[in-house]
Protein chains: 2
Amino acid sequence: MEETGRTTHTLAALMELRKRILNGDFPGGTRLFEVPLAETLQISRTPIREAMSRLAEEGLLDRLTNGGFVVRSFTLADVLDAIELRGVLEGTAARLAAERSATPAGLERLNHVLLQLDACFGRDANEVDFEAYPNLNAQFHTLLVTLSGSAVLQREIERATRLPFASPSAFLSGRTNIDVFRQSLHVAQEQHRALAAAIASREGTRAEFIAREHARIARRNLEYVMLENPELIISVPGLALLNS
Amino acid sequence: MEETGRTTHTLAALMELRKRILNGDFPGGTRLFEVPLAETLQISRTPIREAMSRLAEEGLLDRLTNGGFVVRSFTLADVLDAIELRGVLEGTAARLAAERSATPAGLERLNHVLLQLDACFGRDANEVDFEAYPNLNAQFHTLLVTLSGSAVLQREIERATRLPFASPSAFLSGRTNIDVFRQSLHVAQEQHRALAAAIASREGTRAEFIAREHARIARRNLEYVMLENPELIISVPGLALLNS
DNA sequence: ATCCGGATGAATGTATACATGGTTCATTAT
DNA sequence: ATAATGAACCATGTATACATTCATCCGGAT
């Protein structure tokens with residue numbers, strides 16, 4: 001997200017606090033005080049304030065009425081809604097791509113990514129290249145949004161997607177390479193194909209609803225983790241922040 | 001939005017800068033420098049920085065890679081997209097209200113606002129209480145979002161709606177009380193009624209698409225202003241910021 | 001002539017001292 | 001005993017001096 005090279009205290013604090021919040025170090029609702037944080041991170045209050053301001057922008061912190069910040073609380077229902085919201089927004093992107101903007105060149109690029117994704121699957125249903133898939137999947141979703149041709153929509157999708165558990169890659173980290181998720185990828189890839197086809201034939205409504213359904217794979221994976229395999233919670237980016 | 005009473009320099013700067021940006025004092029793309037602004041507003045750089053940070057959160061400023069802020073540029077297409085986005089989000093709120101959450105008590109409140117809105121119309125088609133309507137309309141839209149039962153969605157709608165020209169009240173300011181807009185209110189009110197009915201009968205899809213179409217009234221009004229009556233641009237909140 | 005390198009200046013980044021405001025607790029007056 | 005008052009503390013708000021960084025330009029060497 002940010003450059004790893006030369007950095008400022010603000011960026012260091014931003015990344016460190018983000019990491020700790022997503023790691024669940026601060027339960028939702030915890031108030032973050034400037035002075036102790038400044039002492040902990042060995043910097044002054046100024047960059048701390050700036051970093052917290054940006055974390056509020058990202059949706060990880062809430063501002064209190066009379067100053068100060070608290071860690072935002074997320075329930076399971078909130079995460080499900082965030083995923084549903086992503087589905088709605090990506091669905092809109094897909095619809096707009098179909099209705100307005102998709103050019104032959106753009107469709108070509110989409111199909112190119114699609115073929116690379118296809119190449120991730122082996123003959124055995126359980127054989128998936130879990131190294132290459134996540135990055136290509138991210139490319140596909142980014143490209144989809146680009147093809148919508150709407151800068152406003154792109155911005156809002158990037159925003160909504162900044163909460164890690166709402167990202168299209170939420171269940172694709174290396175640590176969640178388990179059978180259930182791996183098998184869901186076959187369904188996901190079929191949806192990718194259908195999405196590209198719908199956009200190519202200008203079927204806006206079809207594209208919109210395939211994208212929504214596509215996001216619901218994440219919903220199913222989330223429900224699986226929470227209800228049937230809670231020890232995986234720490235493996236999914238941001239889920240440690242849950243409940244409070 | 002903020003309290004008008006006791007205030008801090010940060011809030012004063014926030015409101016003043018917001019006012020100037022929406023007033024078109026800074027063309028889109030203008031970089032805002034801390035030092036001159038601090039001199040202009042007679043305060044130090046610290047609250048200026050804080051205010052700009054919040055304006056970036058509101059979507060009125062963009063952060064530059066290496067520090068600093070520029071006024072965000074909006075084209076007509078961007079504003080149209082922002083309106084379409086609001087339609088999609090309010091549509092989702094309406095659908096969720098229908099599918100999940102609408103209680104008899106909630107529907108009761110919605111119908112109550114609906115009746116008050118009805119009372120704004122006289123027997124003559126051109127006779128509308130332009131004093132009472134905007135506030136009631138805002139109430140209706142707020143209530144709709146509440147009925148969705150989704151805090152996440154509510155938050156994002158409030159965000160998307162903070163750009164004044166994307167707000168459901170964009171064309172309802174006292175200064176835009178002209179025939180074309182006044183007449184669109186009859187259509188709008190019919191859509192309000194249909195929306196409430198669809199939610200009450202759990203017709204999620206119907207509710208969703210009525211809400212989308214409802215937002216498109218704003219689109220039509222905007223196109224009317226831009227193409228046929230440009231001198232009205234300054235009357236619509238935020239539109240002065242356009243084009244760049 | 002061109003390219004490299006350091007000086008210069010303008011802008012943001014950072015630390016810190018001090019101001020302010022709100023909350024809590026103790027003290028006093030009723 | 002209770003309510004009002006105020007003092008002390010704690011947290012954020014603000015000003016300001018200084019640091020840093022990036023871009024630009026000028027000068028000199030090749």
Side-chain angles (χ1 to χ4, degrees), chain A residues 1-21 25-73, chain B residues 1-21 25-73:
Chain A
M1 203 168 285
E2 287 84 20
E3 299 295 331
T4 54
R6 262 188 229 81
T7 195
T8 63
H9 287 168
T10 298
L11 288 180
L14 176 61
M15 293 188 291
E16 182 63 23
L17 287 177
R18 188 196 287 135
K19 194 186 82 183
R20 293 191 188 187
I21 292 168
D25 292 4
F26 310 107
T30 304
R31 181 165 178 183
L32 298 185
F33 294 105
E34 296 174 4
V35 177
L37 282 178
E39 284 167 5
T40 303
L41 302 182
Q42 299 277 340
I43 56 180
S44 77
R45 283 171 52 211
T46 311
I48 296 280
R49 285 168 71 86
E50 175 71 13
M52 291 201 293
S53 192
R54 296 203 195 188
L55 288 169
E57 205 167 327
E58 288 184 22
L60 289 178
L61 297 181
D62 281 328
R63 288 181 193 276
L64 295 172
T65 325
N66 282 332
F69 298 86
V70 296
V71 178
R72 186 166 166 199
S73 279
Chain B
M1 200 168 284
E2 286 85 19
E3 299 296 331
T4 52
R6 262 187 228 82
T7 193
T8 63
H9 287 170
T10 298
L11 288 179
L14 176 61
M15 293 187 292
E16 181 63 24
L17 287 177
R18 187 196 287 134
K19 195 186 81 186
R20 294 191 187 188
I21 292 167
D25 292 4
F26 310 107
T30 303
R31 182 165 177 182
L32 297 184
F33 294 105
E34 296 174 3
V35 176
L37 283 178
E39 284 166 6
T40 303
L41 302 182
Q42 298 277 345
I43 56 180
S44 78
R45 283 172 51 211
T46 311
I48 296 279
R49 283 168 73 85
E50 175 72 13
M52 291 200 293
S53 191
R54 295 202 194 189
L55 287 169
E57 204 167 329
E58 288 184 22
L60 289 179
L61 297 181
D62 281 328
R63 286 182 195 273
L64 295 173
T65 326
N66 283 332
F69 297 86
V70 295
V71 178
R72 186 166 165 198
S73 279

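All heavy atoms count here, side chains included; hydrogens, waters and symmetry mates do not. Chain naming here is simple, since letters A, B, ... match the order of the sequence lines and numbering starts at 1 in each.
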At what distance, to the nearest 0.5 angstrom, does OG1 of B:Thr10 lie from CE of B:Met15? 10.5 Å
Can you measure A:Leu32 atom CG to D:dC10 atom P for me and round it to whole angstrom units? 19 Å
Verify the contact: side-chain N or O of A:Arg49 to OP1 or OP2 of D:dA11, cut-off strictly under 4.0 Å; return yes or no. no
Between CD of B:Glu34 and P of D:dT14 the distance, given in whole Å, is 15 Å
Closest listed nucleotide, where the reference is the side chain of B:Arg45 and the choices are C:dA15, C:dG13, D:dC22: C:dG13
From CZ of B:Phe69 across to C1' of C:dA11 the rounded distance in Å is 13 Å
To the nearest angstrom, the CD1-C1' distance between B:Ile43 and C:dA19 comes to 15 Å
From the options D:dT14, C:dT12, D:dA15, select the nucleotide whose nearest atom is closest to the side chain of B:Thr10. D:dT14
In terms of side-chain heavy atoms of B:Ser44, which of D:dT12, D:dT16, C:dT12 is nearest? D:dT16
Rounded distance (nearest 0.5 Å) linking atom CZ of B:Phe69 with atom CZ of B:Arg63: 4.0 Å
Interatomic spacing from CZ in A:Arg31 to CG in A:Leu61 - rounded to 0.5 Å: 12.0 Å
Phosphate OP1/OP2 of C:dA19 contacted by B:His9 side-chain N/O (<4.0 Å): no
The reported gap from OG1 in B:Thr40 to CD1 in B:Ile48 (rounded to nearest 0.5 angstrom) is 8.0 Å
Residue met sooner reading DNA chain D from 5', once B:Thr46 and A:Pro36 are mapped to nucleotides: A:Pro36
From CG of A:Leu64 over to C1' of C:dG22, roughly how many Å is that when rounded to an integer? 13 Å
Nearest 0.5 Å, please: how far is CZ in B:Arg54 from CG in B:Leu17? 12.5 Å
Expressed as a whole number of angstroms, how long is the span from A:Asn66:CG to C:dT23:C1'? 11 Å
Rounded distance in Å - CE (B:Met52) to P (D:dT14): 14 Å
Contact under 4.0 Å: B:Arg31 side-chain N or O vs C:dT12 OP1/OP2: yes
Return the value, rounded to whole Å, for the distance between atom CD of B:Glu50 and atom C1' of C:dG13. 15 Å
So, is B:Thr8 near the phosphate of C:dT20, with a side-chain N or O under 4.0 Å from OP1 or OP2? no
